[in-house]
Amino acid sequence: MKKKTTIYDIAAKLGLTAATVSRALNNNAKISLNTRKLVLETALEMNYEQNKLALALKSGKSYNVGVIVPRIDSNFFSSVIRGIEENCTPRVTML
């Protein structure tokens with residue numbers, strides 16, 4: 001299994017600190033546009049994905065919805081869960 005790319009990997013490749021990479025990825029105003037662009041391009045090139053668990057811990061929001069049902073094999077409850085999922089998923093509209 002391939003190891004996930006971290007901000008430390010990006011920092012090492014660019015010769016920057018992990019803090020600078022983190023600030024660039026989070027659009028901090030203290031980071032120059034050139035550095036931000038370089039970090040974002042490198043992150044894309046290295047297939048960097050933000051750690052969703054770490055983000056949820058930091059922000060206090062996971063955007064997960066828990067549903068407790070008495071019977072998962074019932075068509076009624078599976079339909080209810082599907083409806084909940086459809087209402088929670090963002091809709092993309094074409095302009």
Side-chain angles (χ1 to χ4, degrees):
M1 185 171 173
K2 188 177 176 186
K3 180 184 162 231
K4 287 188 173 187
T5 302
T6 66
I7 61 172
Y8 299 102
D9 299 328
I10 297 169
K13 182 172 183 173
L14 297 176
L16 301 171
T17 66
T20 301
V21 172
S22 176
R23 288 182 184 116
L25 291 171
N26 291 302
N27 294 323
N28 188 303
K30 294 180 180 180
I31 304 299
S32 71
L33 291 177
N34 290 336
T35 302
R36 184 176 299 138
K37 182 179 177 187
L38 181 64
V39 169
L40 291 173
E41 288 173 354
T42 305
L44 187 61
E45 173 188 311
M46 296 177 72
N47 297 319
Y48 170 77
E49 290 182 17
Q50 196 171 29
N51 185 327
K52 304 265 192 250
L53 179 59
L55 183 63
L57 287 171
K58 181 181 177 189
S59 68
K61 298 176 184 176
S62 68
Y63 300 101
N64 289 333
V65 176
V67 180
I68 299 173
V69 295
R71 290 184 51 126
I72 193 70
D73 60 345
S74 168
N75 286 339
F76 173 75
F77 292 116
S78 60
S79 296
V80 169
I81 292 170
R82 183 177 186 97
I84 292 169
E85 182 181 17
E86 287 175 0
N87 281 303
C88 290
T89 304
R91 290 175 177 77
V92 178
T93 59
M94 301 295 286
L95 297 177

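Sequence positions, counted from 1, serve as the residue numbers for this chain.
Scored by the salt bridge (Lys or Arg N to Asp or Glu O under 4.0 Å) test, E49 finds no partners at all (sequence neighbours excluded). Every side chain to side chain contact (heavy atoms under 4.5 Å, CB included) that N26 has, sequence neighbours left out, goes to S22, Q50. Judged as a salt bridge (Lys or Arg N to Asp or Glu O under 4.0 Å), and not counting sequence neighbours, K52 has no contacts. Contacts of K61 classified as side chain to side chain contact (heavy atoms under 4.5 Å, CB included), with partners at least two apart in sequence or in another chain: S59, Y63. With sequence neighbours left out, V69 forms a side chain to side chain contact (heavy atoms under 4.5 Å, CB included) with V67, I72, F77, I81. A search for side chain to side chain contact (heavy atoms under 4.5 Å, CB included) contacts involving A18 returns I7, Y8, not counting sequence neighbours. For E85, there are no salt bridge (Lys or Arg N to Asp or Glu O under 4.0 Å) partners at least two apart in sequence or on another chain.
With hydrogens and angles ignored, the 3.5 Å screen pairs a side-chain donor or acceptor of T5 with a backbone N or O of M46. A distance-only check finds a donor-acceptor pair linking the side chain of N87 to the backbone of G83 [under 3.5 Å].
The hydrophobic cluster containing L33, built from Ile/Leu/Val/Met/Phe/Trp/Tyr side-chain heavy atoms closer than 4.5 Å, comprises no other residue.
Between L25 and V21 there is a side-chain heavy-atom pair separated by less than 4.5 Å.
L14 CG to T20 OG1: the interatomic distance, rounded to the nearest 0.5 Å, is 10.0 Å. L57 CG to N51 CG: the interatomic distance, rounded to the nearest 0.5 Å, is 8.5 Å.
The side-chain hydrogen bond (donor to acceptor under 3.5 Å, both in side chains) analysis of residues 65-82, with sequence neighbours excluded, yields the pairs R71-D73, R82-E86. Residue pairs meeting the salt bridge (charged side-chain N to carboxylate O under 4.0 Å, His left out) criterion with at least one partner in residues 7-29, sequence neighbours excluded, are K3-D9, K13-E45. For residues 29-42, the side-chain hydrogen bond (donor to acceptor under 3.5 Å, both in side chains) pairs, not counting sequence neighbours, are S32-T35.
In terms of hydrophobic clustering, with Ile, Leu, Val, Met, Phe, Trp and Tyr side chains grouped at heavy-atom distances under 4.5 Å, I31 and V39 are assigned to different clusters.
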